Protein chains: 2
Amino acid sequence: MNHIAHAEIDRTPPKHDAAWTIGIAARPSQDAPVAGAREAHFAARETLCEEGARADHIVIIAQGAVMLSKLLPDGRRQIIELLGAGDVFGLSNTALYDTTAESLTPVRAFQYERRVYENSPELQRTVSQKMTSQLCAMHDHAMLLGRKTAAERVASFLMGLIPNRGGHGCNGPDAKADTRHVAIPMTRQEIADYLGLTLETVSRAFSQLKKDGILQAPRHDEIVVTNVCRLCHLTGTL
Amino acid sequence: MNHIAHAEIDRTPPKHDAAWTIGIAARPSQDAPVAGAREAHFAARETLCEEGARADHIVIIAQGAVMLSKLLPDGRRQIIELLGAGDVFGLSNTALYDTTAESLTPVRAFQYERRVYENSPELQRTVSQKMTSQLCAMHDHAMLLGRKTAAERVASFLMGLIPNRGGHGCNGPDAKADTRHVAIPMTRQEIADYLGLTLETVSRAFSQLKKDGILQAPRHDEIVVTNVCRLCHLTGTL
DNA sequence: AGATCGGATTGATCCTGATCAAACCTACGC
DNA sequence: GCGTAGGTTTGATCAGGATCAATCCGATCT
């Protein structure tokens, strides 16, 4: 098996504008690829690289969403990071990938061989900036996993999906309607594995938010947040 | 208050060789400072920078241990990362520090103004490598926080403190005596805040490990692991 | 030595979220 | 249409860790 598999482009037309985005990365990255890039396309739900495999490429996502996960020997899974356009993965200080990467949506990405990366200051500079962001995001996520309640975790997760919010801040300049449509290209199990909960707990939290009139769910992979402010207060982050 | 306070060097002689180290970073970093460095010294338990303050410096630790933490508005704290010699902090994608940094031991460090950092490819290269390691460490910690039991968290924490183990791998080349002395320059509350537990739970886990004959505790800030293999198996990581 | 103070340990009880167990949708295939 | 299969929701019960509450221990000070 090749670690970075080549795949057909999934040409299924997206049903909603926001369908293939995660969080802040609402739009395809503008960044032109640095020299040495190989463009690759993946369908949704492909494994782009596997924990423990030889880490010979780094990948910059141009479009789409990717999740990084790790497994414990007994099968417990933690989804470590959700990545969107502009984000990087495949970096490792060892010879092996430390996480598995799977596409949540169709993905367009640029791959670079590790040697290319190590010899391109320009690429390193780009990657370095992204890593800084991702490190900060991991800091926030550590807070979520270590100290937030189930309800706060789910609220934080949903806030993170609302574009132009960065997950926080209640009254942005675009708070006009106080209503947001969000596509969630993840199963309840995946959300649970991301938030350190069980799928039942996630489901119950969603139900509670519906009952409280904070969101509606026309489909289970799509929600409408009808009260962003209330939701934001539930994150525990203020 | 200046965000990176200057401080007297704490000249208290360390009681044990390993007393001022965290995990892998058992020795002072060999790296010579890059141009533009300002050397700084801190005593134990100083605040080196504060969450929310203007992020005008990045810091590379030459010697000693530092913890990064975040607070929720209601006072819940999560200790995000433990840093040792060679590690970097103060990077942020915003204008503000996203975490508070406090010294756990006396610390010697090199500070760089943000402008210096942004104009030094050499420094960026150094920092970039370190960030890769720290990102991987955060991945492991996310797994710990999201999916491990209390006992596994404490075992993982202790394994991470044993030098030349990197936290994992049971039979390294140096497993001669299968016994390790570890200094823990943290209170139970701090360990709890790092592991996403309460101090009582941490205390109980330590007591259990003592009862099981896996470790001894001559002092509460110092332990002797008498069975590294057993401890390693308890981490859940294999 | 005795008093004091911060941190650690231990015990009893409570509660959040996990686990076990049915239904219940929704999309697909025949 | 009916049947099947994933994934989801909901309910009942359980348990791991949190919380509340005493001690306990070891430093430091007088």
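Letters A, B, ... are given to chains in the order of the sequence lines, protein chains preceding strands, and every chain is numbered from 1. The figures here come from the full heavy-atom set of this structure, side chains too, leaving out hydrogens, waters and symmetry mates. Treat the numbers as computed from the prediction; the structure is a model and nothing was measured.
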In terms of side-chain heavy atoms of A:E200, which of D:dT9, C:dC20, C:dA8 is nearest? C:dC20
Say whether, by atom type as modelled, one donor and one acceptor occur between the side chain of A:T235 and the main chain of A:A155 under 3.5 angstrom. no
Starting from P on D:dG11, measure out to NZ on A:K211 and report it in whole angstrom. 8 Å
Expressed in angstrom and rounded to an integer, what is the separation of B:L209 atom CG from C:dA8 atom P? 16 Å
NA contact type, B:L197, heavy-atom cut-off 4.0 Å: base, sugar-phosphate, or nothing? sugar-phosphate
For a quick check of understanding: with a heavy-atom distance under 4.0 Å over all strands, which category does B:T198 fall into, base, sugar-phosphate or nothing? base
Tell me the closest heavy-atom pair linking A:G236 and B:P73, and the distance in Å. O-CD, 3.2 Å
Could you give the CD-to-P distance, from A:E222 to D:dT8, as a whole number of Å? 14 Å
Does C:dT16 have OP1 or OP2 under 4.0 Å away from a side-chain N or O of A:T149? no
Nearest-nucleotide check on DNA chain D, B:T201 vs A:T201; residue mapping nearer the 5' end is A:T201
Quick note, A:L199 side chain, CB onward, closest among D:dT8, C:dG7, C:dT9 is D:dT8
Could you tell me the separation between the CG atom of A:D221 and the P atom of C:dT26, rounded to a whole number of Å? 12 Å
Rounded to whole Å, the CZ-P distance (A:R77 to C:dA18) equals 15 Å
If I take atom CZ in residue A:R76 and atom P in nucleotide C:dT19, what distance separates them, rounded to the nearest angstrom? 10 Å
So which atom in A:E190 and which in A:I79 form the shortest heavy-atom distance, rounded to 0.1 Å? O-CD1, 3.3 Å
Distance, rounded to the nearest Å, where A:K210 contributes NZ and D:dT8 contributes P: 11 Å
With a 6.0 Å cut-off on the ring centroids, do B:H141 and B:Y194 count as close? yes
Starting from P on C:dG7, measure out to CD1 on B:I184 and report it in whole angstrom. 16 Å
So, OP1 or OP2 of C:dT9: does either fall under 4.0 Å of a side-chain N or O from B:S203? yes
Residue pair B:H139 / A:Q78, side-chain donor-acceptor N/O under 3.5 Å: no
Give a yes or no on whether a donor-acceptor pair under 3.5 Å exists between the nucleobase atoms of D:dG11, that is its base, and the side chain of A:R204. yes
